[in-house]
Amino acid sequence: GLGDVYKRQNPANINPDEASGVTDSPERRAKLRQFAKTLVERAWRRPLSPEQSALVERQFDAAQDSETSIKRVVLLALKSPRFLFREVAGGSDPFDVAARLSFGLWDSLPDRELWKAASAGQLANREQLVAQAQRMVQDLRAKAKLRKALLTWARADHGLDLAKDPSRFPGFTPEIISDLRQSLEIFLDELIESPEADFRRLLLDEELPLNRRLAQFFAVEPVPENDVRFQRFRLDEGKRAGVLTHPYLMTSFAHSTESSPIHRGVFLARGVLGVSLRPPPEAVAPLSPDLHPNLSTRERVELQTKPNACMTCHGIINPLGFTLEHFDAVGRYREQDRGKPVNAQGSYLTRDGREVTVNGARQLAEFLAASHEAHQAFVEQLFHQLTHQAVRAYGPSTLETLVETFKARGFNIRDLAVEIMATTARHGRTTTASSQTPVDQGAMGATR
């Protein structure tokens with residue numbers, strides 16, 4: 001593959017013998033020509049036509065030495081739209097199908113097995129696509145892509161400044177932040193690799209991976225001083241709810257001194273439930289706790305957002321965000337805020353007009369784990385992460401079909417990825433660039 005060619009080299013500095021594995025022999029130049037054609041085939045993801053093969057040959061005919069010829073071939077391959085764009089023609093031949101599978105699950109070129117299947121016409125029906133996708137989803141590249149998709153779903157895919165006021169949160173160091181990030185990624189990796197890969201565990205799991213430093217910060221049972229491993233702990237018995245209350249997310253959706261029900265509510269509405277929220281008409285700084293020292297965070301948010309113009313969106317955001325108020329700005333559980341008992345009562349009006357009332361993170365998680373809207377939002381976002389296409393581009397019933405299949409298979413995330421690729425691999429894309437910017441996930445949800 002191309003990665004082998006560029007492992008230690010660049011186009012201006014290629015050793016053709018090392019790159020191709022060709023030894024010095026009377027047939028050296030002929031073997032290098034064949035290697036060059038193979039390289040271009042891999043870059044363009046399909047066998048070369050006679051005209052394309054002749055184009056490669058001309059690079060050798062035009063140069064006196066093999067090094068120059070190979071450089072020209074590499075530049076020819078990498079500058080071509082056939083390399084830079086995934087689907088120049090948007091066709092549905094076996095090699096287009098193979099490329100959709102490999103880019104969808106791996107963000108990379110088809111491997112040898114997928115290439116052989118395309119060459120043999122073994123990507124022609126659903127059963128063959130499912131078999132290949134099931135093989136590919138076990139690969140580390142697929143697991144890495146699924147982890148990235150889950151981080152995007154959790155709005156943890158961008159680097160953030162998570163520093164907190166040291167006078168309010170002593171001991172919350174950069175090392176703690178790094179450990180929390182690693183804890184979240186370990187949690188997601190374990191979920192993806194588990195036999196059931198159950199989406200509901202994202203919301204309901206009560207255990208967290210913690211190392212000794214985190215265990216000390218969150219005041220859980222002691223860990224031996226020389227033990228640096230991450231181990232699972234049941235932190236705050238009966239209070240935690242998967243990634244919803246993971247300290248990394250609670251820290252991300254918080255200010256430097258206080259929790260932020262608004263940031264948490266936006267995450268729950270847009271990310272978890274797929275609600276499309278209008279951007280605020282103007283940026284408004286949160287009310288300073290120093291100006292209202294006798295008000296809890298919830299009370300300050302209610303005071304600031306009570307105008308009717310605000311409640312169009314905050315009528316959705318606030319009741320969701322308030323359910324996580326038991327967790328402070330660094331994700332520690334608390335019973336009081338500013339000397340007052342925490343009120344974690346919240347609600348949500350479903351799309352079918354049913355008002356659901358919950359109290360605290362566990363009840364929220366139980367509602368979301370059983371929510372059709374949450375299932376639909378997750379399926380839609382994973383679909384977009386794998387295909388870079390909106391699910392509705394594949395027909396009005398595709399989303400609901402995938403959701404029902406997701407439920408029937410025990411909410412297995414890997415199985416959902418296989419189903420998405422089996423559904424889309426035989427169809428051309430409406431956009432062709434190989435490197436695309438994901439759309440705002442919030443815009444893909446239902447408008448409220």
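Side chains included, hydrogens not; waters and symmetry mates left out as well; all remaining heavy atoms used.
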Inset, instruction - Let me know which of Leu191, Ile192, Val137 forms a side chain to side chain contact (heavy atoms under 4.5 Å, CB included) with Ile413. - result: Leu191
Inset, instruction - Pick out which of Arg200, Arg240, Arg232, Glu190 makes a side chain to side chain contact (heavy atoms under 4.5 Å, CB included) with Asp205. - result: Arg232
By side-chain hydrogen bond (donor to acceptor under 3.5 Å, both in side chains) - contacts of [X] (at least two apart):
X: Ser183; result: His246
X: Ser260; result: His263
X: Glu127; result: none

Legend entry - Any residue meeting ring-ring contact (aromatic ring centres under 6.0 Å, His included) with Trp106, in chain and number order, not counting sequence neighbours: none
Between [Y] and [X], is there a side-chain donor-acceptor contact under 3.5 Å, judged purely by atom types and distance?
X: Ser259; Y: Glu325; value: yes
X: Asp111; Y: Ser102; value: no
X: His255; Y: Lys164; value: no
X: Thr312; Y: Arg278; value: no
X: Glu175; Y: Thr173; value: yes
X: Gln376; Y: Arg351; value: yes
X: Ser53; Y: Lys37; value: yes

What is the distance from atom [atom1] of [X] to atom [atom2] of [Y], rounded to the nearest 0.5 Å?
X: Leu244; Y: Leu368; atom1: CG; atom2: CG; result: 6.0 Å
X: His158; Y: Ser252; atom1: NE2; atom2: OG; result: 11.5 Å
X: Ser49; Y: Trp44; atom1: OG; atom2: CH2; result: 8.0 Å
X: Thr305; Y: Ile262; atom1: OG1; atom2: CD1; result: 6.0 Å
X: Leu386; Y: Leu101; atom1: CG; atom2: CG; result: 11.0 Å
X: Arg426; Y: Arg100; atom1: CZ; atom2: CZ; result: 11.0 Å

Listing, residues 142-149 side-chain donor-acceptor contacts under 3.5 Å, not counting sequence neighbours, or none:
{"unit_1": "Lys145", "atom_1": "NZ", "unit_2": "Phe103", "atom_2": "O", "d": "3.0"}
{"unit_1": "Lys145", "atom_1": "NZ", "unit_2": "Gly104", "atom_2": "O", "d": "3.0"}
{"unit_1": "Lys145", "atom_1": "NZ", "unit_2": "Asp107", "atom_2": "OD1", "d": "2.8"}
{"unit_1": "Arg147", "atom_1": "NE", "unit_2": "Asp189", "atom_2": "OD1", "d": "2.9"}
{"unit_1": "Arg147", "atom_1": "NH1", "unit_2": "Glu185", "atom_2": "OE1", "d": "3.4"}
{"unit_1": "Arg147", "atom_1": "NH2", "unit_2": "Asp189", "atom_2": "OD2", "d": "2.8"}

Do the charged groups of [X] and [Y] touch, with an N to O distance under 4.0 Å?
X: Arg46; Y: Glu41; result: no
X: Asp415; Y: Arg409; result: no
X: Glu193; Y: Arg414; result: no
X: Arg45; Y: Asp96; result: no

Of all heavy-atom pairs between [X] and [Y], which one has the smallest distance, and what is that distance?
X: Ala269; Y: Leu277; value: CB-CD1, 4.0 Å
X: Asn412; Y: Pro195; value: ND2-O, 3.4 Å
X: Leu204; Y: Arg362; value: O-NH1, 2.8 Å
X: Pro94; Y: Ala118; value: CB-O, 3.4 Å
X: Leu349; Y: Gly353; value: CD1-O, 3.6 Å
X: Phe95; Y: Ser119; value: CZ-OG, 3.6 Å

Would a distance-only check, ignoring hydrogens and angles, find a side-chain to backbone donor-acceptor pair under 3.5 Å from [X] to [Y]?
X: Arg332; Y: Phe218; result: no
X: Gln34; Y: Ala30; result: no
X: Ser371; Y: Phe367; result: no
X: Ser80; Y: Leu76; result: no
X: His375; Y: Glu404; result: no
X: Glu206; Y: Glu237; result: no

Inset, instruction - Hey, could you give me each pair passing salt bridge (charged side-chain N to carboxylate O under 4.0 Å, His left out) that has a residue in residues 393-402? Not counting sequence neighbours. - result: none
Inset, instruction - Decide side-chain contact (heavy atoms from CB on, under 4.5 Å) for Leu364 and Tyr348; before the verdict, give the C-alpha distance in whole Å, the side-chain angles of both, and the deciding distance to 0.1 Å. - result: CA-CA 10 Å; Leu364 172 70; Tyr348 178 70; over 6 Å; no
Inset, instruction - Kindly indicate, with the supporting measurements, whether the criterion side-chain contact (heavy atoms from CB on, under 4.5 Å) is fulfilled by Arg42 and Trp115. - result: CA-CA 9 Å; Arg42 297 289 289 128; Trp115 181 276; 4.1 Å; yes
Legend entry - Plane angle bin for Phe406 and Phe199 - parallel if under 30°, tilted between 30 and 60°, otherwise perpendicular: tilted
Inset, instruction - Describe, in one word, how the ring planes of Phe267 and Phe253 are oriented to each other, choosing from parallel (under 30°), tilted (30 to 60°) and perpendicular (over 60°). - result: parallel
Close side-chain approach of [X] to [Y], heavy-atom, < 4.5 Å:
X: Phe172; Y: Leu180; answer: yes
X: Arg33; Y: Val56; answer: no
X: Leu78; Y: Val74; answer: yes
X: Leu123; Y: Leu114; answer: yes
X: Leu210; Y: Asp179; answer: no
X: Arg229; Y: Asn211; answer: no
X: Gln182; Y: Phe230; answer: yes
X: Thr323; Y: Arg264; answer: no

Inset, instruction - Any chance you could lay out the side-chain hydrogen bond (donor to acceptor under 3.5 Å, both in side chains) test for Arg29 and Ser66, step after step, and finish with the verdict? - result: CA-CA 7 Å; Arg29 194 163 177 81; Ser66 299; 3.1 Å; yes
Inset, instruction - Check the pair Gln122 / Gln132 against side-chain contact (heavy atoms from CB on, under 4.5 Å), numbers first and verdict last. - result: CA-CA 10 Å; Gln122 295 174 352; Gln132 286 293 336; 5.9 Å; no
Inset, instruction - Begin from the C-alpha positions of Leu150 and Leu382 and carry the test side-chain contact (heavy atoms from CB on, under 4.5 Å) through to its verdict. - result: CA-CA 8 Å; Leu150 294 182; Leu382 183 61; over 6 Å; no
